[in-house]
Each structure stands twice: as structure tokens, then as C-alpha cells.
Amino acid sequence: MPKQKINIVWLKRDIRTQDHLPLRQAELSGIPYLIIYCFEPTLISYPDTSVRHLQFIYNSLISTNNKLADYDRHINICYAESSIVFSDLIRVYDVQQVFSYKESGTEITWHRDRIISKLLRQHQVRWNQYNKDGVIRGIKNRQNWDKNWYVVMSKPPIHNAYTHDNSKLQSHTEFPLPEDLLEQLVSYPKQYQPAGEENAWKYLRSFTYDRGRNYHRHISKPTESRLSCGRISPYLAWGNISVKQAYQHIKTHKHYVSNKRAFTGIMTRLKWHCHFIQKFEVECRYETACINRGYEDLGFTNDDTYLTAWKKGLTGYPLVDACMRCLTHTGWINFRMRAMLVSFLCHHLDQDWRRGVYHIAQLFLDYEPGIHYPQFQMQAGTTGVNTVRIYNVVKQSQDHDIEGVFIKKWVPELRNVPKEFIHEPWTMTYMDQKLLGVTLGEDYPMPIVDLQTSARAAREKIYGHRKDSKVRKERVRILETHTRRRPNQRDS
Ligand SMILES: Cc1cc2nc3c(=O)[nH]c(=O)nc-3n(C[C@H](O)[C@H](O)[C@H](O)COP(=O)(O)OP(=O)(O)OC[C@H]3O[C@@H](n4cnc5c(N)ncnc54)[C@H](O)[C@@H]3O)c2cc1C
């Protein structure tokens, strides 16, 4: 009996039903199609991945399946390497075409994609891969990139229409999730943003309706930003919504004119989202190697006790500790607090950025390799083309958590400490501590480093190294590849 002809839609970081080109092309292809998502053991055991990512993905898949059920369709959720799933599908069916978005991922996903490409070629299966969110594969520089991005963003989003699947195509249940993993994925912790397309729109609509009014005023405040920021990052990262959908929703919203400053602010950042992913698309080695190769020669003390204190939120610097604990619990903190955590790790604690980069990746519910690694390195000062910011964590605290509300929420050991001491509790006398019921060094640590000394040492080290000939040579290459600036332009 001849095998049934089918096509396959392979979902990765694009778990949604609308503005989805691979799904539309499959619908138009005129033959039955299967939709698959693979939880791949090699990828999910990689150190950048955590259970919270898998929980978000799984719950996004389930909510997508609820929508597709209206058309007797669903995503086949497989637990296996994608090469095994494709081999099996090719064995059972006469697979004609595969539709997917291009993934601007880490080296391990590129390696996986090369294997799949070879496998599909061997079996004369055509793999149609589409550009995602204005990110372009194979470009050598940024000539016309911005212009092209605006062209992509202004095109109408795809309205995906679905036919009923009357083909009796067998769903593929050969690769079920192991029971223990499934148990973890099903119970989605309440403290994380809820997953899925509907929730993506709920967050976006509430931003444009009223939450976003104070976006630009609160963006750096650890407490207020939780309400005023878009909070759409996990949905963009796992593709519950496309950048174009978000961009157009904000741009055409009836509140756009009255909230112009806030709305243009978030729209600019949507472009940054793609700008950073484009960098990583061109050079995914930024996951493990310094963007500017000249910084590979920089030495670090790499003290393990400091690293552990940072990871646990026990550095003795209240805002740093509050941020790490909040991130650990909820999966989100704002941009400035992320930058501060990295700056503190790499500059004040003198750690190689690679010692913290996976820890934070695992904690971010919105982990997006294309943004994460270039941003992490910018804050670590290893690009050689950006201004190095060595954050004064006490000043950040005084400026952005004036009353210490955020600190007291996440560092309850300090809940009775008044605002004059909350940013620098070590300035309390022994008597103050006794009266307030907190003993530094017992209930909460004394600062693990002296801020002035560590900042001075970091400044000398990182600024001194900028003059290194290798750093300067690399700087020219980086500017030519990733920016539209001339190499002799000043940093910004
Ligand atoms: C060390 C470090 C690591 C980061 N890692 C990630 C990551 O893994 N995933 C991620 O989505 N963002 C990352 N960011 C960028 C930024 O902090 C988050 O995008 C933002 O805080 C998400 O919250 P939001 O959706 O409310 O953002 P909003 O301010 O509402 O912005 C809307 C969207 O624009 C994009 N965006 C905002 N700021 C930036 C930025 N500085 N660079 C690039 N895109 C931006 C995001 O997609 C965001 O969802 C990182 C920043 C730093 C300093």
C-alpha cells in the first residue's frame, strides 16, 4: 500500500495560531499536514534550559491545542530528538515538505538543524524555512537592515484560517513525555506569567489600555515596572505573539496619540529585540566566547564564595539580593535590574561572565538567546564598542527603590529597617540593629566586597584593556558587522 502523502509543520519558538507563515503555507499546500513540537533531550538538558522554560512551552502548546481542537487539529507533542521524530515520520508517511521558521539559536540548535537538513535532503523532503520577525539569515553587515525591518513590520499580519482535518491522519503518539516530566510540566507555578497566545494578548491589551501610561517613567523602578512595562517578553520569546502583531497593535491603538512617549518607547524596544537577535543570528559563538576576542585575555579572580552569594541573593547589598530573589521566584525583573545584577557579578565580584550567564538564562522566563548573550556581554564590558557601566548598586537602590519597598518584599530579614538605613544596612550601629531586631552577619550578611574598592579595580582593569591592540582591531570588525556606524565613530 502506498504511503500517505503529508506535509509537516515544525514548531519551535513560534507557538501560536495567528500571524504564522509555516501554518499558512501548510494549509495552502493542499495535502494533509501534521504539526509537531519536539522536547529534545539534548536541548532540554543543556545548561541554558530550566524546568520553568519547559513549563511555559508545554502550557503554550496545550492552549494552542485547545484552539486547534475546533478544526480537529492538534500539535503532536513529542519527547525525542527531532532527527528521530522526522526519521519515524518519513518511515510511516510519504513526507513531501516541512514548514518552519528559521531559529536564531545557540550552536547546539544550529547543529541539530544541520542534521535535519541532511536527513530531509536524503529523503527528498523539501524544507521551507522562513525568516522570523525581520531577522535575516546570511547577511554580512547591516546595510538596509533597519529599512527592511520597518517594511516587514508594516505588512499586514497573516490571518491564519484553518480547514477541518478530515484526513483521518493518525496523530503521532510514539514519543510520549516521560511521566515524571509530564507531572512537572502540568503543574504550572502561579508566580510565573501565564503561558499561551490568549495571555499574550491579555498582557499586550492591558498595556495599551492603561498599564503602559507610565511606561517611560517607571521602566527602571523595580516595583512599579512590574505593572507599567509591557511584560510581553515571555510571549515574544516563545512565539505566543509575533513582534509584528505587538508592534502594529501598539502603533494603531486609539491611545497611541495620548501615550506617544510611552508607546514609541516600547516600539523602539521591539526593534532592539530583533536587532539583538540579528547579531546572534550572524555569530552564535557569543554564547561562549567574548564578542570582542581581545577580552579573552582578561583575567578574573572567580571566587566561588562570591558567585554562590550572588546566586543565592546573599551578597549583603540589599537591592542586588532583592533582585536575584525576585527573579528566582517570579522569572522577571526589569532591564536596569538585570543589567545591575550582571554588572555587579562581572565588575564588583570580578567574575568571568560565563560563570553567571546560564544561571540567569535559566531564571528568565523570557530567555531568548539572541538577546541574552549579547546583552549579558554588553553589561560585562566584553564588546569593546559599548560604554561600560559599572553600576553603583547603592545609588541604584536610592534612586529606584527610594522607600525600600522592593527590598523589604524580597529581603524580609530587613523588613523593620527604616529607609535611612535600608540601602546601606551596614551603617547601622550595634544598638540600631538590636532595636530593629536584625543582626548583620547573622540574619543578613555584611557586604561581601567594598563597593568603592571593587569599582576602582574594575574601572582600571576594563578601561585599561580597551587600549589593547587586539581589542581595537576587533572593535572595527564588530562595528562593520553589527552596526551602520563608521568604525571611527565614538562609542554611545
Ligand atoms: C543581561 C540581560 C539579559 C537579558 N536577557 C533577555 C532575554 O533573555 N530575553 C528578553 O526578552 N530580554 C532580555 N533582556 C532585555 C530586557 O531586559 C527584557 O526584554 C525586558 O526587561 C522584558 O520585559 P518587558 O516585556 O516588560 O519589556 P518592555 O520594556 O515592555 O519591552 C517590550 C519588548 O521589547 C524587547 N526589549 C525590551 N528591552 C530590550 C532590550 N534592552 N534589548 C532587547 N530587547 C528588548 C523585549 O522583547 C520586550 O518584551 C536582557 C537584558 C539584560 C540586561
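Every number for a ligand or one of its atoms is a count from 1 in the order of the listing. Only heavy atoms go into these numbers, but all of them, side chains included; no hydrogens, no water, no symmetry mates.
There is no side-chain donor-acceptor pair under 3.5 Å between R13 and S104. A side-chain N or O of N386 and one of T383 form a donor-acceptor pair less than 3.5 Å apart.
Here atom 47 (O) of ligand 1 lies nearest to H273 when heavy atoms of K271, Q375, Q193, H273 are compared. With atom 28 (P) of ligand 1 as the reference point, the heavy atom nearest to it among W272, Y203, Y215 is part of Y215. Taking only non-hydrogen atoms, the option from S228, S233, A361 nearest to atom 48 (C) of ligand 1 is S233. Between R338, H372, E368, it is R338 that holds the heavy atom closest to atom 13 (C) of ligand 1. Between atom 33 (C) of ligand 1 and the options I360, L365, I250, L270, the minimum heavy-atom separation is to L270.
For D366, heavy-atom contacts with ligand 1 shorter than 4.0 Å involve the backbone as well as the side chain. Here F364 has side-chain heavy atoms under 4.0 Å from ligand 1, and that is the only part of it that gets that close.
The atoms of ligand 1 that sit less than 4.0 Å from any heavy atom of L236 are 47 (O), 49 (O). Each of the following atoms of ligand 1 lies closer than 4.0 Å to a heavy atom of V342: 1 (C). Proximity to F276 (heavy-atom distance under 4.0 Å) selects the following atoms of ligand 1: 42 (N), 43 (C). Counting atoms of ligand 1 from 1 in the listed order, those under 4.0 Å from a heavy atom of I266 are 30 (O), 31 (O), 32 (C). Of all atoms in ligand 1, listed by their number and element, those nearer than 4.0 Å to a heavy atom of C229 are 26 (O), 30 (O).
Using a 4.0 angstrom heavy-atom cutoff, A339 counts as in contact with ligand 1. Within the 4.0 Å heavy-atom shell around ligand 1 one finds W332.
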With salt bridge (charged side-chain N to carboxylate O under 4.0 Å, His left out) as the criterion, how do E413 and R325 come out once you've worked through the C-alpha distance, each side chain's angles and the decisive distance to 0.1 Å? CA-CA 13 Å; E413 304 95 294; R325 294 184 199 185; 3.0 Å; yes
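Between G230 and ligand 1, a contact under 3.5 Å exists for at least one N or O pair.
Residues W149 and Y247 place their aromatic rings such that the two centres sit under 6.0 Å apart. Taking the six-membered ring where the residue is Trp, the centroids of H372 and F276 are separated by 6.0 Å or more.
Side chain of H218 to main chain of T223: no donor-acceptor pair is present (N/O by atom type, distance under 3.5 Å, no hydrogens or angles).
One finds no salt bridge joining E296 and R293 here, because no Lys/Arg side-chain nitrogen approaches an Asp/Glu carboxylate oxygen to under 4.0 Å. The residues K395 and E424 are annotated as not salt-bridged, no charged nitrogen and carboxylate oxygen being separated by less than 4.0 angstrom.
Looking at F335 and R338, their side chains never come closer than 4.5 Å, going by heavy atoms from C-beta outward.
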